[in-house]
Amino acid sequence: MNTTKPQPKRGTPDFQLLILTLLLVGFGLIMVFSSSSSLAVFSYNDALYFTKRQAAFAVLGTIVMFVAMNINYKKYRQLFIPVFFLTLLLLVLVVVVGKTTNGAVSWFHLGSLGIQPTELAKIATIVYLAALITKKGERIRQWKGGFFPVLIIVGMVAGLIMLQPDLGSCFILVATSGLLIYAGGANLKHILASISLVVLGLALTLGVGSLFNSGAGDNPEQASKDYKMGRIEAFLDPFHDESDTSYNLIQSLIAIGQGGVTGAGYGESVQKLHYLPNPYNDFIFSVIGEEFGFVGTAIFLLIYLYFILRGIIVSLRCSDPFGTLTGVGIMGLVAIQAFINIGGVTNTIPITGVTLPFISYGGSSLLVMMLSMGIVLSISRDSTRPLKEEKVKSVIKKDYRATV
């Protein structure tokens, strides 16, 4: 007689989170068209040039998301080691053979298709850390056998990203990893000490670099460092050099200011017409501010915030620590990257040149973000199962007591 118990069915994906993800992607396509159409006509004689490319990645990303959503998230834990080391290999290769774009060697180019390994590194590091922290359990509170090995992993990935150099992505990775480590139960003293060392090291690097840069001449590497220092100077005083280092920030602030309360209307942005650099990418939030104004921007931010909170809620419902940490890490990644993008274009923090998740033009970013949401939706499917089983158990108990 076969006594094997049938495996319980998995729950359904969180419908709200799924709809919000698709809503953000759809809004992103609308804004990519609005912000890029005039530049696309000028450069490619096709108003839909950037929109069609983004739409192709959106379709592919949707397929990837649905596939990932239907794979039990626990299987990703089995693949975290090979995927992580593949990511490290790609980060090394991109520095050696990658193409320089905007002063950073961050891209592989296959024809007209650009691939950015840093985007994959973010999600790979989250899954790796979630698996490692879950395995260590309470030992994560120890320095030698718990926290320090995790810190080495984060430092190794961050160091490879800084070789490109990509300060924005490096900061996002470190901040997300810090959030994940804290959520995993690490000692707060260890985390604060590590943050202090990172801040001190960054300050020394920028300070010493600025001294040597003064006599750098036309050295491209030193020019790149000067450019990063210029962004910090622009943040401290946006109007100290309006035609050079502060130009991008000033154009962004003008766009947001011109939006007023209700905005100029969809497609009516003036700053996107060869004033605002990369209006469909790094500065797409500025176009949103100009075209939809304070009211429209506030609604967008509230929806975005609810999307992030919804993802965190479904992750916390998961009974498996690996699922919870992975989900919280992914949603933390979205929140931190969004804050850095929006904070940069509004002069809340220095500009670092990162995309706004799900909204900005960028195939690698969109594809990885939708893969990430597929994992979170898979976690949400599993987290609904225990709730249903608990209800069944409670009903059985009531019936049993009634018969007794």
Side-chain angles (χ1 to χ4, degrees), residues 24 27-28 31 35 102 104 122 165-179 182 195-196 198-199 202-203 206 227-242 244-261 263-264 269 271-272 275-309 312 331-362 365 369:
L24 287 176
F27 181 68
M31 290 312 303
S35 57
N102 295 328
K122 296 173 185 176
D166 188 345
L167 181 61
S169 294
C170 181
F171 182 82
I172 291 169
L173 177 82
V174 171
T176 304
S177 300
L179 173 64
Y182 176 75
I195 293 174
S196 299
V198 171
V199 172
L202 182 61
L206 292 174
Y227 180 67
K228 291 178 174 59
M229 287 299 298
R231 286 182 169 181
I232 296 177
E233 293 172 356
F235 165 70
L236 298 174
D237 183 8
F239 299 97
H240 86 285
D241 190 0
E242 299 181 25
D244 190 9
T245 55
S246 299
Y247 177 81
N248 294 354
L249 177 58
I250 289 175
Q251 297 304 316
S252 174
L253 295 176
I254 291 174
I256 296 172
Q258 289 182 162
V261 177
S269 169
Q271 291 302 110
K272 69 183 181 183
Y275 295 103
L276 194 63
N278 299 322
Y280 49 87
N281 191 264
D282 298 348
F283 290 90
I284 197 167
F285 183 78
S286 305
V287 179
I288 294 174
E290 184 177 2
E291 295 189 348
F292 295 100
F294 173 79
V295 174
T297 302
I299 294 173
F300 166 72
L301 290 177
L302 287 174
I303 294 174
Y304 211 111
L305 179 61
Y306 181 72
F307 163 74
I308 294 170
L309 292 176
I312 293 175
M331 300 315 299
L333 169 66
V334 175
I336 291 169
Q337 185 161 329
F339 171 77
I340 292 177
N341 174 274
I342 296 172
V345 302
T346 57
N347 200 37
T348 305
I349 60 175
I351 294 175
T352 55
V354 298
T355 57
L356 182 58
F358 304 102
I359 307 298
S360 294
Y361 174 80
S365 176
M369 282 296 171

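Keep in mind the model is a prediction, meaning the values are calculated, not measured.
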To the nearest 0.5 angstrom, please state how far the [atom1] atom of [X] sits from the [atom2] atom of [Y].
{"X": "Leu276", "Y": "Ser269", "atom1": "CG", "atom2": "OG", "result": "7.0 Å"}
{"X": "Met369", "Y": "Ile359", "atom1": "CE", "atom2": "CD1", "result": "11.0 Å"}
{"X": "Asn278", "Y": "Ser360", "atom1": "CG", "atom2": "OG", "result": "10.0 Å"}
{"X": "Leu305", "Y": "Leu309", "atom1": "CG", "atom2": "CG", "result": "4.5 Å"}
{"X": "Phe294", "Y": "Ile256", "atom1": "CZ", "atom2": "CD1", "result": "12.5 Å"}
{"X": "Met31", "Y": "Lys272", "atom1": "CE", "atom2": "NZ", "result": "7.5 Å"}

List the atom pairs, donor and acceptor, that lie under 3.5 Å between side-chain atoms in residues 336-346 and the rest of the protein, sequence neighbours left out.
residue, atom, partner, partner atom, Å
Gln337, OE1, Lys122, NZ, 2.9
Gln337, NE2, Thr355, O, 3.2
Gln337, NE2, Thr355, OG1, 3.1
Asn341, ND2, Asp282, O, 3.0
Asn341, ND2, Val354, O, 2.7
Thr346, OG1, Ile342, O, 2.7
Thr346, OG1, Gly343, O, 3.3
Thr346, OG1, Thr348, OG1, 3.0

Is there a side-chain contact between [X] and [Y] in this structure, where contact means two heavy atoms from C-beta onward sitting under 4.5 Å apart?
{"X": "Tyr304", "Y": "Pro357", "result": "yes"}
{"X": "Thr297", "Y": "Phe285", "result": "yes"}
{"X": "Ile288", "Y": "Phe27", "result": "yes"}
{"X": "Cys170", "Y": "Asp166", "result": "no"}
{"X": "Pro279", "Y": "Ile284", "result": "no"}

Determine whether Leu24 and Phe300 satisfy the following criterion, side chain to side chain contact (heavy atoms under 4.5 Å, CB included), listing intermediate values before the conclusion.
CA-CA 9 Å; Leu24 287 176; Phe300 166 72; 4.3 Å; yes
Does Tyr275, at its OH atom, have more than 12 non-hydrogen atoms belonging to other residues, nucleotides or ligands within less than 6.0 Å?
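No, not enclosed.
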Listed pairs under 3.5 Å, donor-acceptor, residues 171-178 side chains, sequence neighbours left out:
residue, atom, partner, partner atom, Å
Thr176, OG1, Ile172, O, 2.8
Ser177, OG, Leu173, O, 2.7

So, Glu290 and Gln271: side-chain donor and acceptor under 3.5 Å apart, yes or no?
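No, Gln271 and Glu290 have no side-chain donor paired with an acceptor closer than 3.5 Å.
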Can you say whether the rings of Tyr280 and Tyr361 are parallel (under 30°), tilted (30 to 60°) or perpendicular (over 60°)?
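Correct class here is perpendicular.
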